[in-house]
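Written below as structure tokens is the structure these notes are about.
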Amino acid sequence: MSGMLAAALALARRDLRAALRRWGELALPLCFFVIVLTLFPLGLAPERDTLAAVGPGVLWVAALLASLLALESLFRSDMDDGSMEQLVLSPQPLALMALVKALTHWLMSGLPLVLLTPLVAQAFYLPGNAIWVLALALFLATPTLSLIGAVAAALTASLRRGAGVLGILVLPLAVPLLVFGARATDLAIQGQSAAGPLYLLAALFALAVTLAPLAIAAALRISVD
Amino acid sequence: MWLWFHKLGSPPHFYRTAGRLIPWFAIPAALLLVAGTLGGLVIAPADYEQGDGFRIIYVHVPSAYLAMFGYVAMAIAAAVGLIWRMKLAFAFAAACAPVGAAFTFLCLATGSLWGKPMWGVWWDWDGRMTSMLVLLFLYLGVIALRGAFDDAAKGDRAAALLAIVGVVNIPIIKFSVDWWNTLHQPATLSKLSAPSMTMDMLGWLLVMIVGHMLFFAAVVTLRLRGEVLLRERGARWIRGVDGRA
């Protein structure tokens with residue numbers, strides 16, 4: 001048991017260190033996120049009412065696309081240098097290792113996005129209360145997104161040009177997150193309680209955190225051999 | 001029982017059996033579809049509220065039904081393929097996907113045609129329509145993922161896993177009409193309660209559903225034979241097969 005835990009911690013430490021040493025790759029999705037959000041006010045008429053109306057939807061879609069961008073690199077380098085084979089061959093349960101990899105990935109790509117949101121939401125004139133609901137909804141939804149995305153990334157890990165397929169696989173499955181997330185933000189803007197959709201987002205996370213690691217592990221086994 | 005199962009799994013045996021089965025699906029399908037179309041468009045009475053517009057139900061409901069049935073069938077075949085490493089199950093899943101996608105598209109298209117006169121809009125972002133659209137994307141994802149692999153066996157297994165993951169969408173479609181009480185009307189047919197249609201309308205709908213199912217079976221079997229030929233193209237038994245067999 002403790003061996004399993006030690007392996008999980010070691011993997012998390014290694015992934016974090018490797019990610020921090022290539023921080024350019026980490027910053028790329030965040031830059032993309034901010035730039036997409038800058039383009040919308042420029043493309044639309046920059047009036048307060050219009051921007052406040054489309055703001056939540058735009059923020060959610062931009063967050064989805066930015067996390068899609070980050071997914072590409074999730075298993076790529078491990079597949080290239082052969083460490084993925086070692087993970088698959090190791091006696092530790094692959095589902096646990098997959099969970100660790102997906103959550104470290106979230107720590108490095110999803111969490112910065114969540115932290116950035118209160119800042120960029122100001123540009124869309126969202127009311128103060130709604131900004132916190134939005135950040136909370138993103139905080140609940142982005143780990144689920146990382147887990148769903150990891151399934152798709154694992155399926156396409158052995159493909160040389162997997163990026164196009166990745167979008168087709170992830171985005172349909174991300175629809176419930178977008179629906180409930182945007183709904184929570186809308187309710188908060190109208191001054192109502194956003195608890196319902198937030199609970200649903202939390203439930204989706206619980207579902208993903210229990211089932212997705214098994215799917216990721218199965219997909220990695222297919223990709224490796 | 002197991003002998004039968006193993007025999008069915010052998011490509012040459014399956015190829016011959018499927019060839020014999022196709023007429024048994026195709027001919028009743030043609031008869032039922034012609035009868036159901038006549039019955040639905042001409043004989044069944046016009047609806048009290050919707051007039052003749054409701055008649056599109058005779059295509060819409062069967063195709064919606066098959067869109068979901070096709071996905072579940074594909075996912076079950078995918079699971080069978082992954083668990084028992086049965087090549088024929090993967091071939092079935094591959095044959096099923098485009099047909100199911102076509103029915104999903106047909107369902108969305110007829111629903112849109114039906115929505116325009118009844119609701120005044122071609123499209124509305126309610127739960128059922130959106131989840132049906134997601135089903136179409138899932139089908140396309142499965143097809144695209146299989147196509148993206150150079151190694152066909154690997155593509156089969158990856159697509160199979162994706163098909164199984166996508167099954168979460170099916171209950172969402174099924175219950176979306178109850179959960180989100182929006183434009184789309186509740187289900188017409190239900191096992192537990194009396195159908196919300198009179199018998200002279202319902203009878204033809206059932207004829208159409210059975211006709212569509214047999215048509216689906218015929219097309220999938222035909223495609224499956226093609227898949228088997230494609231996958232076994234190096235095998236010796238193929239030499240004995242000519243176009244007429």
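Every chain is numbered from 1 and lettered A, B, ... according to where its sequence line falls, protein lines coming before strand lines.
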Checklist entry - Can you list the steps and then say if A:W60 with A:L138 is a side-chain contact (heavy atoms from CB on, under 4.5 Å)? => result CA-CA 8 Å; A:W60 273 95; A:L138 273 170; 3.8 Å; yes
Next on the checklist: Test salt bridge (Lys or Arg N to Asp or Glu O under 4.0 Å) on A:K101 and A:D78; report intermediate values, then the result.
Outcome noted: CA-CA 11 Å; A:K101 280 197 86 71; A:D78 284 349; 2.5 Å; yes
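Rounded to the nearest 0.5 Å, atoms CD1 (A:I222) and CG (B:D156) are 10.0 Å apart.
Note: A:L169 leads A:L173, A:L169, A:V151, A:I148 in heavy-atom pairs under 4.5 Å with chain B. With chain A as the partner, the residue from B:A158, B:G147, B:A159, B:G141 showing the most heavy-atom pairs under 4.5 Å is B:A158.
Remark: B:Y139 pairs with B:Y71 by the ring pair (Phe, Tyr, Trp, His ring centres under 6.0 Å) rule, at least two apart or across chains.
Here the options are A:M4, A:M84, A:Q92, the test is side chain to side chain contact (heavy atoms under 4.5 Å, CB included), and the partner is A:M97; only A:Q92 passes.
Here the closest non-hydrogen pair linking A:L201 and A:A141 is CD2-CB, 4.2 Å. Pairing each heavy atom of B:F216 with each of B:G100, the nearest pair is CE1-N, 4.4 Å.
For chain A, the nearby part of B:D150 is the side chain; its heavy atoms alone come within less than 4.5 Å. Contacts of A:S223 with chain B are made by backbone atoms alone, with heavy-atom separations under 4.5 Å and no side-chain atom involved.
You'll find the ring centres of A:F139 and A:W106 inside the 6.0 Å limit.
Inspection of non-hydrogen atoms places A:A215, A:A218, A:A219 of residues 204-219 of chain A under 4.5 Å from chain B.
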